[in-house]
Amino acid sequence: QVQLVESGGGLVQAGGSLRLSCAASGRTFSIYAMGWFRQAPGKEREFVVATTKSGGRTYYADSVKGRFTISRDNAKNTVYLQMNSLKPEDTAIYYCAADPTYSSSGDYYTQAEHFGSWGQGTQVTVSS
């Protein structure tokens, strides 16, 4: 089993920045990819970004491309999500997820159902 704990959420004004962290523990050797998803009130969970453990492949949702950056510190089993130029529509609960499966398809890692381990989520609120 893999346990994930997110941190770093909060309240920020539009145009501001936040950095989320996700620390993994347990069977971290089994992780192939990690990602961030988000869910706004009344909406379905949506893909934000995913990256493979080597960092060789990274996929971003169009809505965050150029504003958000994922990075990872494999020695600490931690991934980070740097969020810049935040907009009110970025307001959501952000979830970290881990997936042990290799897929050659990038679309595979944009789908929440393929991720077997999830954190508890951290709230991000962007005020206008």
Problem set entry | Aromatic ring pairing H114/Y108, orientation class (parallel under 30°, perpendicular over 60°, tilted between) |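 It falls in the parallel class, under 30°.
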
Is the backbone N or O of [Y] less than 3.5 Å from a side-chain atom of [X], with the two atoms forming a donor-acceptor pair by type?
X: T91; Y: V126; value: yes
X: T51; Y: R57; value: yes
X: Q13; Y: S127; value: no
X: R67; Y: S85; value: yes
X: Q123; Y: G9; value: no

Taking disulfide bond (SG atoms under 2.5 Å apart) as the cut-off, I'd like each qualifying pair that reaches into residues 21-128, sequence neighbours left out, listed once.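 Sorted result for residues 21-128: C22-C96.
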
Exercise. Give every residue pair that meets the disulfide bond (SG atoms under 2.5 Å apart) criterion with at least one member in residues 45-90, sequence neighbours excluded.
Key: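 Pairs touching residues 45-90 that pass the test: none.
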
Nearest 0.5 Å, what's the [atom1]-[atom2] distance between [X] and [Y]?
X: L86; Y: S17; atom1: CG; atom2: OG; result: 6.0 Å
X: L81; Y: T69; atom1: CG; atom2: OG1; result: 8.0 Å
X: I93; Y: T122; atom1: CD1; atom2: OG1; result: 9.0 Å
X: N74; Y: I31; atom1: CG; atom2: CD1; result: 9.0 Å
X: Y95; Y: F115; atom1: OH; atom2: CZ; result: 15.5 Å
X: Q3; Y: T28; atom1: CD; atom2: OG1; result: 10.0 Å

Decide yes or no for [X] and [Y]: does some side-chain heavy atom of the first lie under 4.5 Å from some side-chain heavy atom of the second?
X: T101; Y: Y32; value: no
X: L20; Y: V124; value: yes
X: M34; Y: L4; value: yes
X: V48; Y: Y60; value: no
X: V49; Y: Y109; value: no
X: M83; Y: Y94; value: yes

Exercise. Does Q82 have any side-chain hydrogen bond (donor to acceptor under 3.5 Å, both in side chains) partners at least two apart in sequence or in another chain, and if so, which?
Worked result: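 With neighbours one apart ignored, the set is N84.
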
Q | Which residues share a side-chain hydrogen bond (donor to acceptor under 3.5 Å, both in side chains) with K87, sequence neighbours left out | A |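 For K87, no residue satisfies side-chain hydrogen bond (donor to acceptor under 3.5 Å, both in side chains) once neighbours in sequence are set aside.
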
Name all residues meeting the side-chain contact (heavy atoms from CB on, under 4.5 Å) criterion together with [X]; count only those two or more places apart in sequence or in a different chain, and write none if there are none.
X: A23; result: T78
X: S30; result: V2, R27
X: P100; result: none

*Under the salt bridge (charged side-chain N to carboxylate O under 4.0 Å, His left out) test, which residues partner K76, sequence neighbours left out?*
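Salt bridge (charged side-chain N to carboxylate O under 4.0 Å, His left out) list for K76, sorted by chain: empty.
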
Keeping to residues at least two apart or across chains, list the salt bridge (charged side-chain N to carboxylate O under 4.0 Å, His left out) pairs with something in residues 35-53.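 Non-adjacent pairs meeting salt bridge (charged side-chain N to carboxylate O under 4.0 Å, His left out): R38-E46, R38-D90.
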
- [ ] Mind listing the closest non-hydrogen atom pair of P88 and A14 along with its distance?
- [x]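 It is CD-CB, 4.1 Å.
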
*V12 with W36, same ILVMFWY side-chain cluster at under 4.5 Å*: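 Yes, V12 connects to W36 through the hydrophobic network.
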
Other than F29, which residues form its hydrophobic cluster under the rule that side-chain heavy atoms must be closer than 4.5 Å?
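Same cluster as F29: nobody, lone residue.
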
Considering only Ile, Leu, Val, Met, Phe, Trp and Tyr, and joining two whenever side-chain heavy atoms are under 4.5 Å apart, list the other residues clustered with L11.
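Joined to L11, directly or through intermediates: none.
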
Q.
The criterion is ring-ring contact (aromatic ring centres under 6.0 Å, His included); which residues satisfy it with F47, sequence neighbours excluded?
A.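 With sequence neighbours excluded, F47 shows a ring-ring contact (aromatic ring centres under 6.0 Å, His included) to F37, given in chain and number order.
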
